[in-house]
Number of protein chains: 2
Amino acid sequence: MSRKITIKDVAKHAGVGIGTVSRAINGNPNISTSTKEKILESIKILGYTPNNVAQSMRSQRYKNIAFFADISNPIFAQIAKESQIELDKHGYTLSLCNIGEKDIGNKISSFLEGRKSDGIILSIPKEDDFELNRSLANIKVPIVTINRDVPILPAGVVTDYYFSVNEAIDYLLSLGHRNIALIGGDKKIRPTREGISAYKDAFLSNGVKLNNNYIKNGKLSSESGEALFNELLPDIQKGELTAILCLNNQMFYGVLRGMRKAKLKYPDDISLITFEDSELMELLDPPLTVIHRPIDEMGKSIVNTLINYIDNPETYGKLEPVVIPTNFIIRESCKPVSIKK
Amino acid sequence: MSRKITIKDVAKHAGVGIGTVSRAINGNPNISTSTKEKILESIKILGYTPNNVAQSMRSQRYKNIAFFADISNPIFAQIAKESQIELDKHGYTLSLCNIGEKDIGNKISSFLEGRKSDGIILSIPKEDDFELNRSLANIKVPIVTINRDVPILPAGVVTDYYFSVNEAIDYLLSLGHRNIALIGGDKKIRPTREGISAYKDAFLSNGVKLNNNYIKNGKLSSESGEALFNELLPDIQKGELTAILCLNNQMFYGVLRGMRKAKLKYPDDISLITFEDSELMELLDPPLTVIHRPIDEMGKSIVNTLINYIDNPETYGKLEPVVIPTNFIIRESCKPVSIKK
DNA sequence: AACAAATATGGAAACGTTTCCAAATTTAAA
DNA sequence: TTTAAATTTGGAAACGTTTCCATATTTGTT
């Protein structure tokens, strides 16, 4: 295998200095058009490609982003994919890092100490983890969070939970539902906070009295979803509770499982709406009415926000969150309430 | 922010030369226990961590693996996750790269030219893509493929399609099914090839005559799955075809969609088995009988195979494929055939 | 105690870039 | 033309390691 072509080879071939070659590669303006062309020609002839490791070493820029999330949740896998596609356009690569529930801060710090990334895309389970926030505060590269407001961090990219939930509840109310359960994660995370607020506002603006007991909070897991469903079960069986809106797809699986075990069917026994669409949501029988978010747009926004922070560090922390709108897709998991007491 | 601690600082603090510090870090045997301890102590005091970029630059080893697959398929996202977890244990990072259908070889080459990886995990749609194979042949780092036999590449990691399909067909035959359709991808890819061979052998060993028309091949997409299902539809409606085994989860979605449109229900109108388990497969109504493969084990095997190739280049191409066993999970999507003509 | 062999150590060179500064060249102004 | 200013260029230094070789030290043998 022949020796790797370096910048020196290019310089010699083009009859210029290495600094000039570097300027040609990096779009530096201090170079005449003619020499630049000559160098680009030599590069093509020799088949030269810059060694990124050497570039990073010297320039302290790495053209790499680290993606920290629990990618066993398919939604994050999709976001990772879309982010990677967008990053690729900007010449960045994406390092995938899985995180669990614990010790996230240390994992990120130790990753950054060794490996070099210019920025981080981060999805964390909680917003108010004191330890975590302290570690995050010490990280010196920009971080863009997904659907979380972390006090110590600048605004990230968020789904429009408020609008989505408002719209969905409006829809259920218009179908005649009066008791609607909201199942979500911890009250302290943005999606739940926004969701609850939209839920309440929807009842208020429709002049319907709401029952706070139907706001259920738990962990973002199917087990927790199933447990919360079971708390609601008696009221469903009594016919008092007629609809459920679930803010998280993992929890929704738990709701489905709970229904299965209780031998309940939607939409006859209860109307169902969940957050997050997927091919299977349409293939469930009956197909599910869902709140759909455009994952590709999320990926693009995340990447562009992050790259903006990298290129313009002075804007870091000064921007408003990017809010991604959703689509409400009505299928067949909700039906009108016929009789009202 | 204070200047980064380098190996020189450590050397000065410990009163040794930089080469000695390097030896201490890298587990080089040519160092006395006492100096090594002294250096490790200094490292701890100063909070030194080696700069990986500089290490890579000099050593030409990158401690990075590139993962090329279509990660919008959740199964690859999961494999990516499991691989990353395993790689992490070995001090490697994972770069995620999405690939489409076209120009895969060039994408990989150009990624490797700039970015530096020590190895590649690869999932490609086809095995016999001449252009692609030619590009792959020129890649000088080890490649481990997932479920494909690429002639030019050494053995990768494969699911035990033969055993799985054999077991599943046996099961369907034991339920009295005599006409069973097999839906899979191109005949030239390993899973389909093995699947068909296992399918035929199962009929043979059970002394049942098989109908070659029920072996259906298409693309690994839900659209293709739906199209193939529609080809089978007349025979299903005539009651001649009573079971389908689907080798690919994407195609299976198409089958489900086709059934939905034809207003057919499983297991009453047809028995159904698919490859690939997921939380939702259990939550479908009725829950699906599936062939489950242990993704964590696949990830581990992939990584260990690849790292072995990196550490022992002389074994590259000399090893047998690693075959990952599967579990057959019987749920409720198949029912016995009552009447036989 | 003397010497050879084995082990341990220091530090220059190299990895392939970018950055910076000084110098050369071109352009513009007088 | 001359001179000043602007532009372009070359290449040394630096980024932080590992590797290699020469040298120093320790260990073992007689």
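Given the structure is predicted, the values throughout are model-derived calculations rather than measurements.
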Between NZ of K12(B) and P of dG11(C) the distance, given in whole Å, is 12 Å
Under 3.5 Å donor-acceptor, N133(A) side chain and D128(A) backbone: no
Taking the side chain of A54(A) as heavy atoms from C-beta outward, which of dC20(D), dT17(C), dG16(D) is closest to it? dT17(C)
Given side chain to side chain donor-acceptor pair (under 3.5 Å), test D70(B) with N73(B) step by step and report yes or no. CA-CA 6 Å; D70(B) 173 16; N73(B) 184 337; 6.0 Å; no
How long is the line joining CG of N30(B) and P of dC21(D), in whole Å? 14 Å
How is N26(B) classified with respect to the nucleic acid when contacts are heavy atoms under 4.0 Å: base, sugar-phosphate, or nothing? sugar-phosphate
Does the side chain of R23(A) get closer than 4.0 angstrom to OP1 or OP2 of dT17(C) through an N or O atom? no
Sidechain N-carboxylate O distance under 4.0 Å for R134(B), E131(B): yes
Take T33(B) and Q55(A), find for each the nucleotide of DNA chain C with the closest heavy atom, and name the residue whose nucleotide sits nearer the 5' end. T33(B)
Please check the phosphate of dG10(D) (OP1 and OP2 only) for any side-chain N or O of T20(A) closer than 4.0 Å. yes
Just call it for T35(B): base, sugar-phosphate, or nothing, with non-hydrogen atoms closer than 4.0 Å on any strand. sugar-phosphate
Heavy-atom count check: over 12 atoms from other residues, nucleotides or ligands less than 6.0 Å from E314(A) CD? yes
Just the rounded figure in Å: distance from P of dT9(D) to NZ of K38(A). 8 Å
With heavy atoms under 4.0 Å as the rule, sort I7(A) into base, sugar-phosphate or nothing. base
Closest to side chain of N51(B), choosing from dT9(C), dG16(D), dT17(C): dG16(D)
Measure CD/Q60(A) against P/dT17(D) and give the value in whole Å, please. 11 Å
Atom OH of Y62(A) and atom P of dC15(D): how far apart are they, to the nearest Å? 12 Å
Between V16(B) and R58(B), which has a closest nucleotide on DNA chain C that is more 5'? V16(B)
Taking only the side-chain heavy atoms of S32(B) (C-beta and beyond), determine which of dT9(D), dT9(C), dC15(D) contains the nearest atom. dT9(C)
Give the rounded distance in Å between these two atoms: CZ of R61(B) and C1' of dT19(D). 11 Å
Would you kindly give the CD1-to-C1' distance between I25(B) and dT17(D), to the nearest whole Å? 8 Å
Given dT17(C), is OP1 or OP2 found less than 4.0 Å from the side-chain N or O atoms of Y48(A)? yes
Atom-pair distance (CE on M57(A); P on dC15(C)), nearest Å: 12 Å
I18(B), nearest nucleotide to its side chain (from dT18(D), dT18(C), dG16(C)): dT18(D)
The side chain of S22(B) lies closest to which of these nucleotides: dT17(D), dT9(C), dT18(D)? dT18(D)
Check: I143(B) main-chain N/O paired with Y316(B) side-chain donor or acceptor under 3.5 Å: yes
Do the charged groups of E41(A) and K44(A) touch, with an N to O distance under 4.0 Å? no
